[in-house]
Asker: 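Got a structure here, written out as structure tokens. Questions coming.
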Amino acid sequence: MLSPLTILALQRFTCVLCEQPLLNAHTYPLIEPGQLLSQTTDIGPHHPSCAQKHLENLLLQDPNTQTNFRYIAGLYTVQTSTTSPSGRIIRLHEEDADSTVIHLFSPLTVNLICTVAHPARPMPARLGGRAKTQRRRYNLVTRAADYAEIEEWMSPALQDAANNSRTEAEKSDLVQQIARLHKHFPKRTTPGIQEPASPTSES
């Protein structure tokens, strides 16, 4: 379901995080591999730098964030004008208003990033009797995800999509979507890592 903040950003063509006018590149942070396959999200458009900050804020605020665990996410950027939509609002289930999402247009770039949360170092107490502020639990280190990390992240969603593709048309659409996304992935550098498998027809 789209939040009021996301709807307002879509109406005003502003960034969800900083609320400033969007540039020609609208970037959407995607936190689930299924969102990448379906090109859908319930999070509104951001400036490219704000999209990464949004993802990092989610980790910092999530009580389930684990130290030294790798979190993979996608930065999906659509090239458009400052006042043109970069997706359309749809309902995944016609009768269910809570299933409203943004179906994104074809991407200019898809950057897969890996963020690791490291324990924050203790800060010295402030002098002068000033009240202590709440310290961050983590320092985040973000880098580009490598091929093996992307494959591990996407494999369950790919398998689910393949299992749910019943008709030949659905299977063909999935194969084409994988091929389109694969163009944005980094090159495979680790021997033995296979490219995402295409779904096969049932015998």
Side-chain angles (χ1 to χ4, degrees), residues 1-3 5-10 13-18 22-62 64-66 69-80 85-93 98-117 140-162 164 173-186 195-196:
M1 183 176 181
L2 302 182
S3 69
L5 186 61
T6 292
I7 294 174
L8 188 63
L10 292 171
F13 296 99
T14 55
C15 172
V16 170
L17 188 66
C18 71
L22 290 169
L23 306 176
N24 289 339
H26 301 186
T27 301
Y28 293 81
L30 304 182
I31 59 177
E32 299 290 343
Q35 294 175 317
L36 193 57
L37 283 175
S38 63
Q39 295 180 213
T40 59
T41 181
D42 57 0
I43 300 175
H46 291 67
H47 298 130
S49 59
C50 289
Q52 180 171 322
K53 290 179 183 177
H54 177 92
L55 292 171
E56 292 176 346
N57 287 341
L58 290 178
L59 287 180
L60 290 173
Q61 297 165 9
D62 188 346
N64 296 317
T65 296
Q66 300 178 43
F69 190 83
R70 295 173 299 161
Y71 294 90
I72 310 298
L75 299 176
Y76 187 109
T77 300
V78 178
Q79 182 73 30
T80 182
S86 42
R88 60 188 180 92
I89 297 177
I90 64 169
R91 283 188 182 180
L92 299 177
H93 307 288
D98 289 344
S99 68
T100 303
V101 295
I102 307 167
H103 186 267
L104 302 173
F105 296 155
S106 297
L108 172 68
T109 60
V110 177
N111 294 317
L112 281 300
I113 59 174
C114 175
T115 300
V116 179
L140 301 182
V141 177
T142 299
R143 58 171 173 79
D146 62 35
Y147 191 98
E149 290 169 333
I150 296 170
E151 182 184 51
E152 180 182 8
W153 181 65
M154 291 201 66
S155 289
L158 286 170
Q159 188 60 55
D160 286 344
N164 292 326
D173 287 345
L174 178 59
V175 170
Q176 293 178 28
Q177 177 66 349
I178 294 171
R180 285 192 291 266
L181 290 173
H182 203 265
K183 295 187 298 184
H184 298 280
F185 292 173
E195 296 183 0

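Here, residue 1 is the first one in the sequence, and each next residue gets the next number.
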Asker: Does Arg88 have more than 12 heavy atoms from other residues, nucleotides or ligands lying within 6.0 Å of its CZ?
Answerer: no
Asker: Sequence neighbours left out, what passes side-chain contact (heavy atoms from CB on, under 4.5 Å) with Asp42? Give chain and number order.
Answerer: Leu2, Gln35
Asker: I need the Tyr28 OH to Leu75 CG distance, nearest 0.5 Å.
Answerer: 13.5 Å
Asker: Check side-chain contact (heavy atoms from CB on, under 4.5 Å) between Asp98 and all other residues, then give those that pass, not counting sequence neighbours.
Answerer: Met1, Asp96
Asker: Going by atom types only, do His93 and Ser99 share a side-chain donor-acceptor pair under 3.5 Å?
Answerer: no
Asker: Taking all non-hydrogen atoms of both residues into account, name the closest pair between Ser86 and Thr80 and its distance.
Answerer: CB-CG2, 4.2 Å
Asker: Taking all atoms of both residues into account, what is the closest heavy-atom pair of Thr65 and Ala117, and its distance?
Answerer: CG2-CB, 3.9 Å
Asker: How close do Gly34 and Ala157 get, heavy atom to heavy atom, and via which atoms?
Answerer: N-CB, 3.9 Å
Asker: Evaluate the criterion side chain to side chain contact (heavy atoms under 4.5 Å, CB included) for residue pair Thr14 and Leu8; output intermediate values, then yes/no.
Answerer: CA-CA 8 Å; Thr14 55; Leu8 188 63; 5.9 Å; no
Asker: Rounded at 0.5 Å granularity, tell me how far CD1 in Ile178 sits from CG in Leu158.
Answerer: 5.0 Å
Asker: Would you please classify the geometry between the His182 ring and the Tyr147 ring as parallel, tilted or perpendicular, with 30° and 60° separating the classes?
Answerer: perpendicular
Asker: Which heavy atom in Pro45 sits nearest to a heavy atom in Leu10, and how many Å separate them?
Answerer: CD-CD2, 3.7 Å
Asker: Which pairs, with at least one residue in residues 70-80 and sequence neighbours excluded, count as a salt bridge (Lys or Arg N to Asp or Glu O under 4.0 Å)?
Answerer: Arg70-Glu149, Arg70-Glu152
Asker: Please find the pair of heavy atoms, one from Ile72 and one from Ala145, that lie closest to each other, and give the distance.
Answerer: CD1-CB, 4.2 Å
Asker: Do Gln39 and Gln177 come close enough that some side-chain heavy atom pair is under 4.5 Å?
Answerer: yes
Asker: Set out, in order, the CA-CA distance, both residues' side-chain angles and the distance that settles side chain to side chain contact (heavy atoms under 4.5 Å, CB included) for Trp153 and Leu36, then state yes or no.
Answerer: CA-CA 11 Å; Trp153 181 65; Leu36 193 57; 4.1 Å; yes
Asker: Verify the distance criterion only: is there a donor paired with an acceptor across the side chains of Tyr76 and Thr41 at less than 3.5 Å?
Answerer: no
Asker: Among Leu17, Val16, Ile43, which residue satisfies the side chain to side chain contact (heavy atoms under 4.5 Å, CB included) criterion with Pro29?
Answerer: Ile43
Asker: Considering non-hydrogen atoms only, spot the tightest contact between Leu30 and Thr40 and give its length.
Answerer: CD2-O, 4.2 Å
Asker: When rounded to the nearest 0.5 angstrom, what is the spacing between CG in Leu59 and CD in Gln66?
Answerer: 11.0 Å
Asker: Go through the structure and list residues passing side-chain contact (heavy atoms from CB on, under 4.5 Å) with Leu23, not counting sequence neighbours.
Answerer: His47
Asker: Among all residues two or more places apart in sequence or in another chain, which pass the ring-ring contact (aromatic ring centres under 6.0 Å, His included) test with His184?
Answerer: none
Asker: Check residues 101-115 and write down every donor-acceptor pair under 3.5 Å in which the side-chain atom is one partner and the other belongs to a residue at least two apart or another chain.
Answerer:
{"from": "Thr115", "atom 1": "OG1", "to": "Thr142", "atom 2": "OG1", "distance (Å)": "2.9"}

